[in-house]
There are 2 protein chains.
Amino acid sequence: MSQQALKGHLDMLVLAVLADGPKHGYAVIDALRDRSDEAFDLPEGTVYPALHRLERAGLLRSEWSEVQGRRRRTYHLTDAGTTGLATRAAEWQRFVASVGDVIGRSGPWPASA
Amino acid sequence: MSQQALKGHLDMLVLAVLADGPKHGYAVIDALRDRSDEAFDLPEGTVYPALHRLERAGLLRSEWSEVQGRRRRTYHLTDAGTTGLATRAAEWQRFVASVGDVIGRSGPWPASA
DNA sequence: CTCTATGCATAGATTCACTAGGTATGAGTC
DNA sequence: GACTCATACCTAGTGAATCTATGCATAGAG
């Protein structure tokens, strides 16, 4: 996968896995890898700053906890995060449709699942 | 549309419009706008550097001509450009499928055309 | 003559994922 | 006990690539 393919779409992916339920950072990374069948195996240096950015933007909130001697910061979507995800997902689908128009796709995408 | 959505995908789009036939830079911009129904209305400062980059990479070649007193640089795909487009289009579809897996798409995309 | 569209170009700003490092705990191995 | 690995957090700096802003030049319309 191209190194820049994610640009501008990472926030949506993070919001999407958190829409399933609160998770701490490391679990977000695992969820992205599992759900994408290894396609999105993101380094911590990518995901942690994204989480901080989304919290600063008000789309996430977090609480600290301690589980078996390890500090965890668990993130959950705010209301703004929920609507933000919906907005980004809609934009994504328009983007995909536009790219399809340009590259000349005719039929529906092959199902992956 | 997000400002960064194109990151890493612009090359594919440029190659796609040139796969339809040789075009000069300004015409590439027009083709992208027309084919995407205005969604991709890209500034010259985006497209010209992309064309130069693709030519340096050997995916495009260009010739100068003069039409009605205006200098034109017309680009066409090389063989590497044709295969490069196929590669990028395949990667794009895998990327779209992976994003779909993460954000929980179930059915096929709604047809846009 | 001015303004717009056409047609090319580049320099600098900006965004954002990634690389590379750092800290710390728990569990398993030798 | 020492070592290694997985878990779990963090940030500074790099790099790639699009966008903003600007410049030059010609043709045509008003």
Side-chain angles (χ1 to χ4, degrees), chain A residues 1-15 22-34 36 39-57 59-60 62-75 88 95 98-99 102, chain B residues 1-15 22-34 36 39-57 59-60 62-75 88 91-92 95 98-99 102:
Chain A
M1 167 131 37
S2 157
Q3 302 299 328
Q4 274 75 32
L6 276 179
K7 277 276 163 110
H9 307 295
L10 174 62
D11 289 359
M12 173 181 62
L13 297 175
V14 169
L15 293 173
K23 285 175 186 60
H24 61 285
Y26 213 79
V28 168
I29 293 173
D30 284 342
L32 285 169
R33 184 175 47 241
D34 292 347
S36 68
F40 300 138
D41 193 1
L42 305 180
E44 303 173 5
T46 293
V47 175
Y48 286 122
L51 289 167
H52 300 164
R53 188 167 61 235
L54 289 167
E55 184 166 27
R56 267 201 312 279
L59 304 183
L60 299 181
S62 67
E63 303 92 32
W64 283 100
S65 59
E66 182 142 349
V67 178
Q68 294 182 334
R70 289 196 187 90
R71 287 166 76 242
R72 279 185 178 174
R73 191 159 159 184
T74 301
Y75 293 89
R88 282 164 175 76
F95 177 67
S98 295
V99 171
V102 171
Chain B
M1 167 129 38
S2 157
Q3 303 298 328
Q4 275 74 32
L6 277 178
K7 279 276 165 107
H9 308 294
L10 175 62
D11 288 0
M12 173 182 62
L13 297 175
V14 169
L15 292 173
K23 285 174 186 59
H24 61 285
Y26 213 78
V28 169
I29 294 174
D30 285 342
L32 286 170
R33 185 174 48 240
D34 292 348
S36 68
F40 300 138
D41 193 1
L42 305 179
E44 303 173 5
T46 294
V47 175
Y48 286 122
L51 290 167
H52 301 164
R53 189 168 59 235
L54 289 167
E55 185 166 27
R56 269 200 312 278
L59 305 183
L60 299 180
S62 67
E63 303 91 32
W64 284 100
S65 60
E66 181 143 347
V67 178
Q68 293 184 333
R70 290 196 187 93
R71 288 165 76 241
R72 279 185 178 173
R73 191 161 160 183
T74 300
Y75 293 88
R88 281 164 176 74
E91 262 177 35
W92 164 251
F95 178 67
S98 295
V99 171
V102 171

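Chain letters run A, B, ... following the sequence lines, proteins first, then strands; residues in each count from 1.
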Please report, rounded to the nearest Å, how far the [atom2] atom of [N] is from the [atom1] atom of [X].
| X | N | atom1 | atom2 | value |
| --- | --- | --- | --- | --- |
| K23(B) | dG7(C) | NZ | C1' | 17 Å |
| I29(A) | dA8(D) | CD1 | P | 10 Å |
| Q68(B) | dC8(C) | CD | C1' | 17 Å |
| R71(B) | dT6(C) | CZ | P | 19 Å |
| R33(B) | dG7(C) | CZ | P | 12 Å |
| E55(A) | dT11(D) | CD | P | 11 Å |
| D30(A) | dT7(D) | CG | P | 7 Å |
| L6(B) | dA17(C) | CG | C1' | 16 Å |

request  = Return the set of residues passing ring-ring contact (aromatic ring centres under 6.0 Å, His included) with H24(A) (not counting sequence neighbours), or none when no residue passes.
outcome  =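 None.
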Is any side-chain nitrogen or oxygen of [X] closer than 4.0 Å to OP1 or OP2 of [N]?
| X | N | answer |
| --- | --- | --- |
| R53(B) | dT18(D) | yes |
| R72(B) | dG7(C) | yes |
| Q4(B) | dT18(D) | no |

Which value, rounded to the nearest 0.5 Å, describes the distance between [X] atom [atom1] and [Y] atom [atom2]?
| X | Y | atom1 | atom2 | value |
| --- | --- | --- | --- | --- |
| L32(A) | D41(A) | CG | CG | 9.5 Å |
| H9(B) | R88(B) | NE2 | CZ | 11.5 Å |
| Y26(B) | R72(B) | OH | CZ | 11.0 Å |
| L6(B) | S98(A) | CG | OG | 9.5 Å |
| L60(B) | R53(B) | CG | CZ | 10.5 Å |
| T46(A) | I29(A) | OG1 | CD1 | 8.5 Å |

task = Test D11(B) against L59(B) for side-chain contact (heavy atoms from CB on, under 4.5 Å), laying out the working first.
result = CA-CA 10 Å; D11(B) 288 0; L59(B) 305 183; over 6 Å; no
Q68(A) atom CD, neighbour heavy-atom count above 12 within 6.0 Å =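 12 or below, so no.
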inquiry  = Tell me if the side-chain of K7(B) makes a donor-acceptor pair with the base of dA17(D), cut-off 3.5 Å, by modelled atom types.
reply    =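 Present.
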Mind listing the N/O atom pairs, protein and nucleotides 10-13 of chain C, below 3.5 Å?
residue : atom : partner : partner atom : Å
dT10(C) : OP2  : H52(B)  : ND1          : 3.4

ask   = Has R71(A) got its NZ or CZ under 6.0 Å from the middle of the six-membered ring of W64(A), at an angle within 45 degrees of the ring axis?
value =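 Yes - R71(A) lies over the ring of W64(A), closer than 6.0 Å to its centre and within 45° of its axis.
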message = Please enumerate all residues that pass side-chain hydrogen bond (donor to acceptor under 3.5 Å, both in side chains) together with R73(A), with sequence neighbours excluded.
response =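 In terms of side-chain hydrogen bond (donor to acceptor under 3.5 Å, both in side chains), with neighbours along the sequence ignored, R73(A) is linked to E55(A), S62(A), Y75(A).
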query = What pairs with D34(B) under side-chain hydrogen bond (donor to acceptor under 3.5 Å, both in side chains), at least two apart in sequence or on another chain?
reply =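 Partners of D34(B) by the side-chain hydrogen bond (donor to acceptor under 3.5 Å, both in side chains) criterion come out as none, since no residue qualifies.
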query = At how many degrees, to 10°, do the end axes of the helix from dC1(C)-dG30(D) to dC30(C)-dG1(D) meet when each uses five pairs?
reply =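 Angle reported: 0°, given to the nearest ten degrees.
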Between the protein and nucleotides 1-5 of chain C, list the N/O to N/O atom pairs that are separated by less than 3.5 angstrom.
none

